[in-house]
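What you see below is based on every heavy atom in this structure, not just the backbone, and it leaves out hydrogens, waters and symmetry mates. For the single chain, residues carry numbers from 1 onward in sequence order.
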Amino acid sequence: VLPKDYPDYASIDEKRKALNALVYNLNIIYTEDSLQRIGKMNDKDRNAFVDKLIKELELEEKKKEEAKANMENNDKNDSNMPGGGGGIAGGNGTWYFYNSSLIAQGMQDFTKKWGNRKLEDNWRRSDKNDASFAGNPSEELVDSTNNNPKGPNIKKLKKDRNYYVNKIPVTKDAVDRSNGKIIDAYYNVGAIYKERIQNNPKSVEAIEELLQRYPENKYKMQCYYHLYRTYSAMGNTTKAD
């Protein structure tokens with residue numbers, strides 16, 4: 001929202017991009033670890049977990065429907081009141097955001113154009129990996145195969161147990177793909193902390209954890225060189241050596 005001539009605009013924008021990239025990769029690690037934990041459950045526990053997820057989704061949808069109904073009722077009441085109606089300040093001179101009829105109309109127009117969108121970065125993009133399911137059970141699980149269904153049947157699919165179970169890495173190939181995502185994300189986190197955020201201790205922490213969890217990962221030699229450079233910059237010659 002800042003104008004481009006704002007002082008230090010370029011550095012602020014770069015920090016925003018760096019933090020977005022950091023959070024994106026941290027979410028991959030968090031999500032894939034969560035999916036693998038679910039994948040290690042027995043069938044009974046896994047199904048129970050998914051069924052609970054679906055119930056929470058249904059409960060959230062019910063709350064949204066009740067909120068929408070209340071909004072519509074308030075809209076009707078306002079329209080029947082003297083001075084009710086349109087206008088930026090409202091017919092009674094109140095501020096826009098205190099006028100429930102205008103708010104409801106704005107929500108309807110937005111939903112008609114964009115559909116239901118979560119308040120987040122890149123909200124205009126309907127096709128993006130959402131890595132926040134573990135923090136918000138109503139969000140869809142990230143598909144390790146990048147094969148997310150689309151279209152009008154998505155709400156119905158989200159209430160089908162198989163929609164979630166099929167996304168959980170259970171086979172060796174699926175777990176390997178999941179681990180590959182984690183390895184890439186850890187390496188990216190280490191690079192972002194060092195090169196873009198200038199936080200050497202956190203960079204070292206990420207790369208050391210990558211080597212501890214996956215000693216023979218594909219970035220092994222790059223990781224050692226990265227640690228050498230970072231420890232040298234921190235003045236820790238013992239670790240650098």
Side-chain angles (χ1 to χ4, degrees), residues 1-40 118 120-125 127-136 139 141-148 167-169 171-241:
V1 299
L2 293 176
K4 291 190 176 182
D5 58 353
Y6 188 86
D8 295 327
Y9 175 89
S11 62
I12 294 170
D13 189 46
E14 170 56 27
K15 187 170 186 178
R16 175 187 66 84
K17 292 176 181 177
L19 291 173
N20 282 343
L22 178 67
V23 170
Y24 174 78
N25 284 280
L26 290 174
N27 276 339
I28 289 176
I29 297 170
Y30 181 75
T31 300
E32 295 302 325
D33 280 342
S34 299
L35 288 171
Q36 289 190 31
R37 282 196 296 272
I38 300 169
K40 293 176 182 177
K118 181 181 176 182
E120 60 181 0
D121 290 330
N122 300 318
W123 60 267
R124 292 179 181 84
R125 294 174 55 198
D127 181 18
K128 56 181 179 290
N129 285 334
D130 188 341
S132 62
F133 87 93
N136 183 355
E139 296 297 331
L141 300 177
V142 172
D143 186 348
S144 297
T145 63
N146 291 321
N147 188 28
N148 287 323
K167 297 171 182 288
I168 298 170
T171 66
K172 183 181 183 303
D173 286 344
V175 173
D176 287 345
R177 286 194 298 270
S178 178
N179 284 330
K181 291 182 179 181
I182 295 173
I183 290 170
D184 288 343
Y186 265 120
Y187 188 74
N188 290 337
V189 166
I192 292 168
Y193 269 129
K194 177 173 175 53
E195 306 297 341
R196 302 180 66 180
I197 301 181
Q198 286 80 51
N199 188 328
N200 286 334
K202 293 295 289 184
S203 177
V204 165
E205 181 182 313
I207 299 300
E208 293 278 21
E209 189 166 354
L210 170 56
L211 288 170
Q212 181 180 358
R213 291 188 58 177
Y214 305 95
E216 299 301 323
N217 73 83
K218 63 182 179 181
Y219 298 112
K220 180 179 178 179
M221 298 310 297
Q222 292 99 314
C223 285
Y224 284 127
Y225 181 64
H226 179 102
L227 290 175
Y228 162 72
R229 289 181 58 228
T230 310
Y231 277 126
S232 295
M234 296 169 67
N236 191 336
T237 54
T238 300
K239 283 284 190 177
D241 290 342

> If you look at every heavy atom in Ala240 and Ser232, which pair is closest and at what distance?
CB-OG, 3.4 Å
> Step by step, would you call Glu208 with Leu227 a side-chain contact (heavy atoms from CB on, under 4.5 Å)?
CA-CA 8 Å; Glu208 293 278 21; Leu227 290 175; 4.0 Å; yes
> Nearest heavy-atom pair of Ile29 and Ala185: which atoms, and what distance?
CG1-CB, 3.6 Å
> Show your working on side-chain contact (heavy atoms from CB on, under 4.5 Å) between Lys194 and Ile207 and close with a plain yes or no.
CA-CA 11 Å; Lys194 177 173 175 53; Ile207 299 300; over 6 Å; no
> For the residue pair Ala18 and Ile192, what are the closest heavy atoms and their distance?
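Scanning both residues, the minimum pair turns out to be O-CG2, 3.8 Å.
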> From Asp241 CG over to Tyr231 OH, what is the distance, rounded to the nearest 0.5 angstrom?
12.5 Å
> Test of understanding: with salt bridge (Lys or Arg N to Asp or Glu O under 4.0 Å), list the residues that count as partners of Glu205, not counting sequence neighbours.
Lys202
> When rounded to the nearest 0.5 angstrom, what is the spacing between CG in Leu211 and CD in Glu216?
9.5 Å
> Between Ile182 and Asp33, what is the shortest heavy-atom contact and its length?
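Taking Ile182 first and Asp33 second, the nearest heavy atoms are CD1-OD1, 3.3 Å.
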> Could you work out, with side chain to side chain contact (heavy atoms under 4.5 Å, CB included) as the rule, every residue matching Leu26, not counting sequence neighbours?
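For Leu26, the residues satisfying side chain to side chain contact (heavy atoms under 4.5 Å, CB included) (neighbours in sequence not counted) are Leu22, Val189.
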> Got Lys239 and Val204 here, is their nearest side-chain heavy-atom distance under 4.5 Å?
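Counting from C-beta outward, Lys239 and Val204 never come under 4.5 Å.
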> If every non-hydrogen atom of Asn217 is compared with every non-hydrogen atom of Cys223, which pair is closest and at what distance?
OD1-SG, 4.3 Å
> Counting distance only, does the side-chain N/O of Ser203 pair as donor-acceptor with the main-chain N or O of Asn199 below 3.5 Å?
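No.
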> Applying side chain to side chain donor-acceptor pair (under 3.5 Å) as the test, list every pair that has at least one member in residues 1-13; sequence neighbours left out.
Asp13-Arg16, Asp13-Lys17
> Within this structure, what is the CG-OG distance for the pair Asn27 and Ser34, rounded to the nearest 0.5 Å?
10.0 Å
> Do NZ/NE/NH1/NH2 and the carboxylate oxygens of Lys172 and Asp176 come within less than 4.0 Å?
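Salt bridge flag = yes for Asp176 with Lys172.
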> Under the salt bridge (Lys or Arg N to Asp or Glu O under 4.0 Å) test, which residues partner Glu14, sequence neighbours left out?
Arg196
> Can you list the residues that meet the side chain to side chain donor-acceptor pair (under 3.5 Å) rule with Arg229, with sequence neighbours excluded?
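Here the qualifying residues are Glu195.
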> Does a side-chain heavy-atom distance below 4.5 Å link Asn188 with Tyr24?
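No; the side chains remain at least 4.5 Å from each other.
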> Asp184: what forms a side chain to side chain contact (heavy atoms under 4.5 Å, CB included) with it, not counting sequence neighbours?
Lys218, Tyr219
> Roughly how far apart are Arg177 CZ and Asn179 CG, rounded to 0.5 Å?
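Arg177 atom CZ to Asn179 atom CG measures 11.5 Å (nearest 0.5 Å).
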> Over all heavy atoms of both residues, which pair between Lys181 and Ile28 is shortest? Give the atoms and the distance, please.
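That closest heavy-atom pairing would be O-CG2, 3.8 Å.
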> Please examine the side chains of Leu210 and His226, heavy atoms only from C-beta on, and report whether any two atoms are closer than 4.5 Å.
no
